[in-house]
There are 2 protein chains.
Amino acid sequence: MVSIHRRIFEDIEARIMSGAWPPGHRIPFEHELVQEYQCSRMTVNKALSALAERGMIIRRRKVGSFVAARQIDRTVMDIQDISTEAELAGHDHSYRILMRKIETLDAVTATQLGEPTGAEILRLHCLHAVDGKPNALERRIIMLAMVPSARTEGFASVPPGKWLLDMVPWSKARHVIRAVSADAATARLLETERGDACLTLIRQTWQNSRTVTYVEIIHPGDRFQFAGDFHPTERGVRDQLPRRSAS
Amino acid sequence: MVSIHRRIFEDIEARIMSGAWPPGHRIPFEHELVQEYQCSRMTVNKALSALAERGMIIRRRKVGSFVAARQIDRTVMDIQDISTEAELAGHDHSYRILMRKIETLDAVTATQLGEPTGAEILRLHCLHAVDGKPNALERRIIMLAMVPSARTEGFASVPPGKWLLDMVPWSKARHVIRAVSADAATARLLETERGDACLTLIRQTWQNSRTVTYVEIIHPGDRFQFAGDFHPTERGVRDQLPRRSAS
DNA sequence: GACCCGCTTTTGTCTATACAAATAGATACA
DNA sequence: TGTATCTATTTGTATAGACAAAAGCGGGTC
């Protein structure tokens, strides 16, 4: 037994997804749907508001509701913690700390991070392995002002990524994915050849516009990829005017 | 002037984002918020339902509402059409068709795509340049059964990616990002060195579980990257039980 | 024509009320 | 002890009615 607003939502969603109602098509007015489904306007309103919130339709007073334009240009990527990912896939994960050093931010890195030069940081290098084979090299900077407890944490039993996630509240994250060639040191650690293509994920995490941590995770290109699905139901909200076509 | 349900939503969101209400923390009951905001329960319910829909909180009857566990593992990536992307950034975009051939699916590719061997396809190779410099090599397969009008389209003025987007309804897309080393032919076309790291985007688009198009877009690694932001407000919905801690 | 005013339509918000569904916890019972 | 049942609490859904806000449209005036 599904609720009425859910049924209205799904009926309309199905018509949009199938292409029966193309972008720009006018959705029936609330009072029309009230007639069709024999329910109150609040119920219809709830269904249409939910569709609008998901970006499937655009609503405008006095004008009506319209199927939103398609967007293929946004996709939701699963970018997980390495240990979590390995566990989910049923693989064995291990890691070891290669370097752990407290220092101050040099000018170049400071600019790159948008933080003041001289700020105290913890620099961590860490090698991850999945099923015994090197899978990722993690190079991390933790802002000690934001995470004072990192000063005494040895990360012996919990990897730094996971530890930080549980420890520190954050409000924004930015990811960048790059392809780079392995330099000699990286190749040696990842047990691959110098010059081989590597997939690098860079993640910077903020809390209230102050950096919490910055990390580069370098994966061997022959053992790693990122994947993401896009369903039109997840389309992002974007300002767009309804087309005046097909009604 | 913001609406009441919006204000409740934002107040709670702010407390979650700041870390004042950590994961597992119990949100006040609806009747408590009714008291606090001096409004009806429907209004409170709307705010809390919206928070639940966004995955910020978990609600359970007779138990209450709780701050959901943090998820950093999903990010929204902008993966745009090459020409659109260049235009947005104020650059000049051009392309030329390297190959355009109608053939039938061989067994290997058919399996890879999950389509029947022997299906008629249009195979397209296309080189994109931004500000005169090669920026991407596009290798595309279009299923002619799904897009019959592609048979006669020359793609002289509209690049295939854009043309398809406007032409064909689709219901699902899958993206994969990989790092690969350039082979000799690719390197020559992209004006880079053989063996250089390249960032490859693979996109397969379906309509009702039938493939519409499959494309590999190979970017030179020194001229390209993907970026995506994650805001906790956009966190995905996932089944999780409330923790019994902090109340 | 350009501009302003008021009418009408459509969506947005809110209330007070009602009952249903889920379920934790208490109670009765074998 | 374990199990079935009852009860109280909380969220989920729905209703009818009301007014507000946005905006297209037409009419009137200059």
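Residue numbering restarts at 1 for every chain, and letters A, B, ... go by the order of the sequence lines.
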Please walk me through it: do Arg59(A) and Glu30(A) pass salt bridge (charged side-chain N to carboxylate O under 4.0 Å, His left out)? CA-CA 11 Å; Arg59(A) 313 192 74 200; Glu30(A) 293 191 352; 2.5 Å; yes
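The nearest whole Å value for the distance from the CD atom in Glu53(B) to the C1' atom in dT11(D) is 15 Å.
Between His219(B) and Phe224(B), the angle of the ring planes stays under 30°, which puts this pair in the parallel group of the 30/60° scheme. Ring geometry, His93(A) versus His128(A): the interplanar angle falls under 30°, so the pair is classed parallel (tilted spans 30 to 60°).
For Lys162(A), the salt bridge (charged side-chain N to carboxylate O under 4.0 Å, His left out) test picks out Glu87(A), with sequence neighbours left out.
The 12-atom threshold is not exceeded at CD of Gln35(B), counting heavy atoms of other residues, nucleotides or ligands nearer than 6.0 Å.
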Does the protein touch nucleotides 9-17 of chain C at the base, only the backbone, or not at all? Give it as B, S and - per nucleotide, heavy atoms under 4.0 Å. BBBBBBBBB
